[in-house]
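Notes to accompany the following structure.
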2 protein chains.
Amino acid sequence: MMLSPAPKISFKAQMLQAREDAIIVTVNRLLAEKGFDAMTVDEVAAQVGIAKASLYKHFPSKEDLAAAAMVRVMRRAQAYLAALPGSMAPLDKLRAVVRWTMELKLAGEMPSLPSQNSSLRATLIANADYMNGLIEVSDQLGAWIEAAQEQGLLNPQLPAIAVLYTLYARACDPVLEFLQMGGQHTDAEIADLVLSTCFDGLNARQAR
Amino acid sequence: MMLSPAPKISFKAQMLQAREDAIIVTVNRLLAEKGFDAMTVDEVAAQVGIAKASLYKHFPSKEDLAAAAMVRVMRRAQAYLAALPGSMAPLDKLRAVVRWTMELKLAGEMPSLPSQNSSLRATLIANADYMNGLIEVSDQLGAWIEAAQEQGLLNPQLPAIAVLYTLYARACDPVLEFLQMGGQHTDAEIADLVLSTCFDGLNARQAR
DNA sequence: GTCTATAGACCGATAGAC
DNA sequence: GTCTATCGGTCTATAGAC
């Protein structure tokens, strides 16, 4: 007998998992560079190097492919939040997270989904992994927002939910790609610029 | 003999023009509520109440339909800019324009086009009416931006082009629809809120 | 009679699903 | 690799206005 049948099963599972990861990475990239509507499942299968039928063994629909990519992004976000040093001030954490999402987008790794697609919305809402991740991230950010407001560092007149949406919106801000297209600034400069307009606004400030 | 054949021709032309306007208004609304990809030509024809073949008498392609809607928006923008009192300070003009675009979006009258669709981009760039309008509007806004920066009211460290993009981006800001979906605020409150975050940022300010 | 708009069938291509 | 639906775009025959 073999020493252990377990590794064999694990190996098979690992293969499956590896292929699924490859699919998701490809979907993530395609979603980032062309968006959901322009991405075709044939394209995904071709780029992963597997048959289209095999794709449907893993994911029952195009919407579920996109959802898997969003789950991956959400997990990365959760990992990033968890890795922030506890000593950091809430406002600095928020700035760090926004910078991270903008760097993701500038690097072409932020999937872009049409917010008006109803079937896609339904799939995302039905996806427990995605929803739990979203809620956890939102709760964490919401706590930091309220803390920063109590410290008087974030405008306390703004509803926390509006602040949260404003931060989220940086992940799909067209200003980033417009500036990138212009070619006048490095990605780091663009991130600095938009981070500045996000937190400090366009108006001239006495301080700073 | 009739008194004048001229009115007859004019009447016919008026009919044509009126129908074209009806088409463009419908396209504008559909683009605003579902976006370019989800909008179908059959849908447009049905909602206008004309045959699809008649649509193609006016516009040679779906892309041209969208371009016509964008030209209409651009003309409205030019009219709005021109109507601003000359006595108004540049910064106030900028704020007024941004508020206007946000009100347009909140009212469901701002067409939303995918920025990554190449054929649509090509059609828009080839459309002289659209491009001229865009350039004129950009020049006007650019002049106000530089004036406000010289007056020390707008952060002079920001490149004018980045400010311009940031203002344009308010016309497709997802924060608007997210807040609208929440139902906690009126459209006017939402516009005030986002206008505030745009110009003043999220940070707390001493003044204000 | 002539011209134009209409309705609706129709085609070809694409893409999702299996 | 096949099936099917959808959609952009075209075509034809009929009706009606002048």
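We name chains A, B, ... by the order of the sequence lines, and we start the count at 1 in each one.
Distance B:Phe59 CZ to D:dT10 C1': 19 Å, rounded to the nearest Å. Rounded to whole angstrom, the span from the NZ atom of B:Lys62 across to the P atom of D:dT6 amounts to 15 Å. Straight-line distance from the CG atom of A:Leu65 to the C1' atom of C:dA15: 14 Å, rounded to whole Å. One atom, CG of B:Asp42, and another, C1' of C:dG8, lie 11 Å apart when rounded to the nearest Å. Rounding to whole angstrom units, CD of residue B:Glu43 and C1' of D:dT6 are separated by 13 Å. A straight line from OH of A:Tyr56 to P of C:dA17 spans 4 Å, rounded to a whole angstrom. If you take CG of A:Asp37 and C1' of D:dG8, they are 16 Å apart, rounded to a whole angstrom. To the nearest angstrom, P of C:dA7 lies 9 Å from CD1 of B:Ile50.
Between A:Asn28 and A:Glu109, the side chains place no donor N or O within less than 3.5 Å of an acceptor N or O (distance only, hydrogens not considered). Residues A:Ser119 and A:Glu63 bring a donor and an acceptor atom of their side chains to less than 3.5 Å of each other. Judged by distance alone, the side chains of B:Tyr168 and B:Ser138 do bring a donor and an acceptor atom under 3.5 Å apart. Between the side chains of B:Asp187 and B:Gln180, at least one donor N or O sits under 3.5 Å from an acceptor N or O.
The side chain of B:Arg19 places an N or O atom within less than 4.0 Å of a non-bridging phosphate oxygen (OP1 or OP2) of C:dT6.
If you find the closest nucleotide of DNA chain C to A:Ser61 and to B:Ala51, the one lying nearer the 5' end belongs to B:Ala51.
Not a single donor-acceptor pair, N or O on each side, falls under 3.5 Å between the base of C:dG8 and the side chain of B:Lys52.
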